[in-house]
Amino acid sequence: MSPGSYDTPMEVWNQDAVTAARQLIGYRFYVKLGDGSLVGGVITETEAYTADDAASHTFHGETARNSVMFSGAGKLYVYFTYGMHWCANIVTGPDRSGQAVLLRALRPDSGITYMRANRKGRPDAELVDGPAKLCQALRITGDDNGAEINEGRFVLRTPLGRPPTVKATTRIGIRHDQQRLWRFIAISCD
DNA sequence: ATGGGGATCGTCT
DNA sequence: GACGATCCCCATC
């Protein structure tokens, strides 16, 4: 695949979560600040969650918390966990199928100063190397649950360089369906 | 370098 | 009432 031939962000999130999670590695995710500047970087780690997957919030059907995952692709699903952490997902297609891609890590390329301020005292290598750290660095909270990507303050863009090599492994922190290799990690990435 | 446990509260049974 | 799609600190090697 040559530069310029990437699927658009909308084409990516309209697919099922597993396909989208793999493809999103190398895409770029940002929050737009009030002054128009971007904070974020290259997506280097994702996980897929589907409705027939016991590890997913949607496995037991629609509830108040997970309703955004059933409300159409291209939105942000943000949930609160362990009494203190936020985690962010991109809802994928098919619409209303209860699927999403957890954003687990970025390689920062914009707004480092903002991320350092939100992750005070942490070395640069630990600014956005986990799902809750990512939300902390970009100040994503429950207020952002349901936000439409590329229509408001959240920006998803195609890769700049060559597509990365991607490795699939077991997902982190789950008890059920550990045999599914639905965690995707960038090995080499431009 | 690696591993165990505490923090902390919304969500669902 | 139990447990989590986690992180951080501290102990130990």
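Note that these values count all heavy atoms, side chains included, but never hydrogens, waters or copies made by symmetry.
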Subject >> Within residues 114-146 of chain A, residues whose heavy atoms come under 4.0 Å of DNA chain B >> reply: none

Subject >> Pairwise side chain to side chain donor-acceptor pair (under 3.5 Å) hits with a residue in residues 120-134 of chain A, at least two apart >> reply: Arg116(A)-Asp124(A), Asp129(A)-Lys133(A)

Scan nucleotides 5-8 of chain B against the protein and return all N/O pairs shorter than 3.5 Å with their distances rounded to 0.1 Å.
unit_1 : atom_1 : unit_2   : atom_2 : d
dT8(B) : O2     : Tyr82(A) : O      : 2.4

Original post:
Looking at Tyr49(A), does the NZ or CZ of Arg171(A) lie under 6.0 angstrom from its six-membered ring centre and within 45 degrees of the ring axis?
Top reply: yes

**OP:** Take atom NE2 of His60(A) and atom P of dT13(B), then tell me their distance rounded to the nearest Å.
**Re:** 7 Å

Subject >> Near-strand residues of residues 65-80 of chain A, defined as heavy-atom separation under 4.0 angstrom from DNA chain B >> reply: Arg65(A), Phe80(A)

**OP:** Heavy atoms only: give me the nearest Gly98(A)-Ser56(A) pair and the separation to one decimal.
**Re:** O-OG, 4.4 Å

Original post:
Dot-bracket for DNA chain C, 5' to 3', counting Watson-Crick or G-U wobble pairs under 3.5 Å, with [ ] for crossing pairs and | for inter-strand pairs?
Top reply: ||||.|||||||.

Original post:
Do NZ/NE/NH1/NH2 and the carboxylate oxygens of Asp144(A) and Arg153(A) come within less than 4.0 Å?
Top reply: yes

Original post:
Out of Ile140(A), Val91(A), Leu156(A), which one pairs with Leu76(A) under the side-chain contact (heavy atoms from CB on, under 4.5 Å) rule?
Top reply: Ile140(A)

**OP:** Search all heavy atoms of Leu134(A) against all heavy atoms of Ala105(A) and return the closest pair with its distance.
**Re:** CD1-N, 4.0 Å

Subject >> salt bridge (Lys or Arg N to Asp or Glu O under 4.0 Å) partners for Arg183(A), two or more places apart >> reply: Glu45(A)

Subject >> Residues touching DNA chain C, which here means a heavy atom under 4.0 Å, drawn from residues 173-182 of chain A >> reply: Gly173(A), Ile174(A), Arg175(A)

Subject >> Co-membership, hydrophobic cluster, residues Tyr30(A) and Tyr114(A), 4.5 Å side-chain >> reply: no

**OP:** Rounded off to whole Å, could you give me the NE2-to-C1' distance for the His57(A) and dC3(C) pair?
**Re:** 11 Å

**OP:** With sequence neighbours excluded, tell me which residues meet side-chain contact (heavy atoms from CB on, under 4.5 Å) with Asp35(A).
**Re:** Leu33(A), Ser37(A)

Subject >> Linked hydrophobic residues, Leu181(A) as query - side chain contacts closer than 4.5 Å >> reply: none

Subject >> Pairs satisfying side chain to side chain donor-acceptor pair (under 3.5 Å), at least one member in residues 76-87 of chain A, at least two apart >> reply: His57(A)-Tyr77(A)

**OP:** Taking side-chain contact (heavy atoms from CB on, under 4.5 Å) as the test, write out the residues that go with Met10(A), two or more places apart.
**Re:** Thr8(A), Trp13(A), Asn14(A)

Subject >> Partner set under side chain to side chain donor-acceptor pair (under 3.5 Å) for Ser97(A), not counting sequence neighbours >> reply: Gln99(A)

**OP:** Check the distance between dC7(C)'s C1' and Glu45(A)'s CD and give it to me in whole angstrom.
**Re:** 14 Å

Subject >> Heavy-atom pair of closest approach, residues Asp177(A) and Ala55(A) >> reply: OD2-N, 4.0 Å

Original post:
Run the side chain to side chain contact (heavy atoms under 4.5 Å, CB included) check on Leu127(A) and Leu106(A) step by step: do they pass?
Top reply: CA-CA 9 Å; Leu127(A) 291 179; Leu106(A) 305 176; over 6 Å; no

